[in-house]
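Convention: sequence-line order gives letters A, B, ...; per-chain numbering from 1.
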Amino acid sequence: MKTVAQCFVYVSKIDGKWIAVIIDENERIVSLSLPKGSEGEAVYEAKRVAVANVSYKFRSEMDPSTRRVGREVVEFINSYIKGDKPKITFKLNVEGLTKFMNKVLAIVSSIPRGFVTCYGCVAEVIENPYACRAVGRALAMNPWPIIIPCHRVVKSDLTLGGYRGGLDMKRELLRIEGVAVTLAGRVLPAHFLEARRLRELSRDAGEKLLTS
DNA sequence: TCGACTATTTGTT
DNA sequence: AACAAATAGTCGA
């Protein structure tokens, strides 16, 4: 069953890069792009990672409060990239997420700043220990990069794995958070969270972000 | 390094 | 609805 959402695409340019944010009629964030070279690329990526289970109707006119939410999101990303620790002041539209996706994102959002875990550990925590690849796939489609810190998930051998915004960006985000990445592209074991610890953290955190 | 194996999603029929 | 293809991975030989 498909729900329908009336959506608006908010686009903004910061430091020469474009960011697109898709916002629904209830002012919740459907998805966003990472900073891109052109407006078209940004919009394309935001649409691509919007939850597939929902069909979207796009409107170009948006009211001032919707525009304000868009500004807040872009400002959040912008200040995060600059090394600040902005607060989340907006809601995410999580309605169309599959159970699997919801669990994966909830766990990932409980990884604290300054730590990483691996794809297999996330799989283990959702009691689906062989689903490491599926976890990677789910994260590749993360509708809310940076807000849900999928850059904190690396391979079990401590090399970086992948990132939609490119590995340089993953590196940079981790560096900002105090996670050293060696020249060979590995994170230090000191920052690594094992599955057991990750499970405890995700239990404590609940699923705040993902229950709007 | 290479292959076998995995779970899920997406695209195609 | 069913099937095939594609993965931001992992483990062992």
What integer distance in Å separates [X]:[atom1] from [N]:[atom2]?
X	N	atom1	atom2	value
Leu174(A)	dA8(C)	CG	C1'	13 Å
Trp144(A)	dA8(C)	CH2	P	19 Å
Lys103(A)	dT8(B)	NZ	P	8 Å
Asp168(A)	dA8(C)	CG	P	17 Å
Met141(A)	dG9(C)	CE	P	13 Å
Glu45(A)	dA8(C)	CD	P	13 Å
Glu124(A)	dC11(C)	CD	P	9 Å
Lys155(A)	dA8(C)	NZ	C1'	9 Å

## Note on the structure
Paired to dT8(B) by Watson-Crick or G-U wobble criteria (both distances under 3.5 Å) is dA6(C)
### Message
Here's a test for you: under side chain to side chain donor-acceptor pair (under 3.5 Å), which of His191(A), Arg113(A), Arg152(A) qualifies with Glu177(A)?
### Response
Arg152(A)
### Task
Map Lys99(A) and Arg133(A) onto DNA chain B by nearest heavy atom, then report which one ends up closer to the 5' terminus.
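Whichever sits nearer the 5' end wins; that is Arg133(A).
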### Task
Kindly check if the number of other-residue, nucleotide or ligand heavy atoms within 6.0 Å of CZ (Arg59(A)) is above 12?
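No, not enclosed.
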### Query
More than 12 foreign heavy atoms under 6.0 Å from CZ of Phe58(A): is that the case here?
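Yes, CZ of Phe58(A) has more than 12 neighbouring heavy atoms, counting only those of other groups under 6.0 Å.
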[X] side chain near [N] phosphate (N/O to OP1/OP2, under 4.0 Å):
X	N	answer
Ser156(A)	dG9(C)	no
Thr98(A)	dT8(B)	no
Asn128(A)	dT8(B)	yes

Once you apply a heavy-atom cut-off of 4.0 Å, does [X] come out as touching a base, just sugar-phosphate, or nothing?
X	value
Cys150(A)	base
Tyr119(A)	base
Ala134(A)	base

### Query
Is any side-chain N of the basic residue among Glu45(A) and Lys36(A) closer than 4.0 Å to the acidic one's carboxylate O?
yes
### Task
Output the single nucleotide from dT8(B), dG9(C), dT10(B) whose closest atom is nearest the side chain of Cys132(A).
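Minimum distance to the Cys132(A) side chain belongs to dG9(C).
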### Nearest-nucleotide pick for Arg137(A), side chain only, options being dT6(B), dT9(B), dG9(C)
dT9(B)
### Query
Just by distance, do the side chain of Thr117(A) and the backbone of Cys121(A) share a donor-acceptor pair under 3.5 Å?
no
